[in-house]
Each structure stands twice: as C-alpha cells, then as structure tokens.
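Here the structure comes first, spelled out in structure tokens, and everything after it is commentary.
Note: hydrogens, waters and symmetry copies are ignored here, and every other heavy atom, side chains too, is used. Both counts, for ligands and for their atoms, begin at 1 and track the order of listing.
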Amino acid sequence: MARLTVNVDHVATLRQARLAREPDPVEAALIAEHAGADGITVHLREDRRHIQDRDLILLRKLVKTRLNLEMAPTQEMLSVALDVRPHMVTLVPEKREELTTEGGLDVRTYGETLRGYIATLRDAGIQVNLFIDAMPDIVKMCHRIGADGVEVHTGPYAEATADGERRAELKKLHDCVILAKRLGLKVHAGHGLDYHNIKEVARIREIEEFAIGFSIVARSVYAGMEQAVRDMIRLINTKE
Ligand code: PXP
C-alpha cells in the first residue's frame, strides 16, 4: 500500500490572503494525520508566501508521523533544515515568479552542488529526496550523488489531456520508478495529482509514497480535511 503525505501549503495560502490567524496549516496537518495521512509536507519558500517559519517549528513539534520539508537548495534553507531537523527534506527548484514548482531539479547542471547539500543533510540524520522530471539519466545521477530517493514529477501526466499523451507520460513514470527502485532509491511521486487522476498512477506498485496538496485542500473547503484525506487514501488503495 502506498503512503500519502498531505501538503498543507495552501491552507497557509488562505491564511496569508488576509494575514490572519486562521485557517492554521498546523491544525490542518493534525486533522490530516488523524484521518490516516502517513506524513505532512510543507514547502518553505524563500518569499514566505504561504508557510511561515513558525508553522514549520510547530509542525516539527506536533506532527506524530513524518514531516517532509520541501526546500530549494540554498544556504538559507539549509540552515533552517539543520535547525528544525525534519524527518525528510525534498530538494526542489524554486523561482520567485512561479505559481507552483514548475519542473524537476536541474541535476545535470547542479549535480555537484546538490551532492554537497545531500551530504550535509544526511550527516544530520535527515533523509534527502530530489524532486525530478521522469528521465532515466536524471534518476541515475540522483543515485550517483548520494540521494536517498527521488520524488518523480507527475505534473506532465496530470496535465496531459489526450489519452495517448497521458499513457505516454504514465509509461515514462513507470520506467523511471522501476529504474529508481532497481538502484535502491526510495520512490515517491507528486504534483498535480487529484481525485480523478490518482487511480491510474497509483497502480504503479513501485511508487511508495504520494505527496498531494492542492486537490486535498480544495476538497477540504467543502468536505472538511478529514473527509478529503480519507477519500484520497481510499483512491490510492483502489487497485482495480
Ligand atoms: N511535490 C512537490 C515537490 C511540490 O512542489 C508540490 C507542490 O508544492 C507537490 C508535490 C504537491 O503538488 P500539488 O499541490 O499539486 O498536489
């Protein structure tokens, strides 16, 4: 059974829209855990547009499952991670002007720099995954530079509109996760997954964990966080 980590960034987006105290992503995270989530993910962005440092510190104290910090490979974020010590870090690329993370890390160009970040974080006892596009050569590089695992970008699959295109993206994902598994990497996947497109990708047995945020937070507006998380867990585990 694949695990689900719930990304609560967009609960913070709503709070920050009014610079208010509610809704609180920490409270949302605890409800998500109560509903069966296996972990909580937050992305602390350089511009602090949603998650704040205070959220991260409280989550580290209160999350009972596992806390995954998504962060850009920068010195500022490295020192935050070494202070807070989440269970896991997922290194992601970050641009100020993007609405959300747009693509995987450029491991081809920045492999050596990433190797340094990975080593420092791992020395501190933090598991390190790299968020990557589904490309075999990139998977191999992640293995070579010492990552514990990969999170494969499911955005191109989620955004594919034509059947043929979607199937081609699924095949790319499948080939990559088989390779990653063979190399002994932990295999996660995420981005753009929702209640409609999760089933097909959840059939790929090698994927150990899904990181899902926007669609769960969106459904929680109508159904509540607990129901939204339960619905997603049920779909992840539907294998027909
Ligand atoms: N994985 C990574 C690396 C991400 O950057 C995000 C978005 O913050 C997600 C997963 C979750 O994506 P979504 O919010 O589209 O479910």
So is S215 close enough to ligand 1, meaning a heavy atom under 4.0 angstrom away? no
For a 4.5 angstrom cut-off between non-hydrogen side-chain atoms, does [X] reach [Y]?
{"X": "D24", "Y": "V11", "value": "no"}
{"X": "R166", "Y": "E169", "value": "no"}
{"X": "R219", "Y": "D231", "value": "yes"}

[X]: numbered ligand 1 atoms lying under 4.0 Å from its heavy atoms:
{"X": "V92", "answer": "3 (C)"}
{"X": "N7", "answer": "8 (O)"}
{"X": "F214", "answer": "13 (P), 14 (O), 16 (O)"}

Between [X] and ligand 1, does any nitrogen or oxygen pair lie at a separation below 3.5 Å?
{"X": "L193", "result": "no"}
{"X": "H10", "result": "no"}
{"X": "I212", "result": "no"}
{"X": "G190", "result": "no"}

Does the distance from a Lys or Arg side-chain N to an Asp or Glu carboxylate O, for R48 and E76, drop under 4.0 Å? yes
In the single-linkage hydrophobic clustering (I, L, V, M, F, W, Y; side-chain heavy atoms under 4.5 Å), do I132 and M135 co-cluster? yes
Restricting to non-hydrogen atoms, name the atom on A158 and the atom on N197 that form the minimum distance, rounded to 0.1 Å. CB-ND2, 3.5 Å
Sorted by chain and number, sequence neighbours left out, side-chain hydrogen bond (donor to acceptor under 3.5 Å, both in side chains) with R108 holds for D137
Between E151 and ligand 1, which part of the residue brings a heavy atom under 4.0 Å of the ligand: side chain, backbone, both or neither? side chain
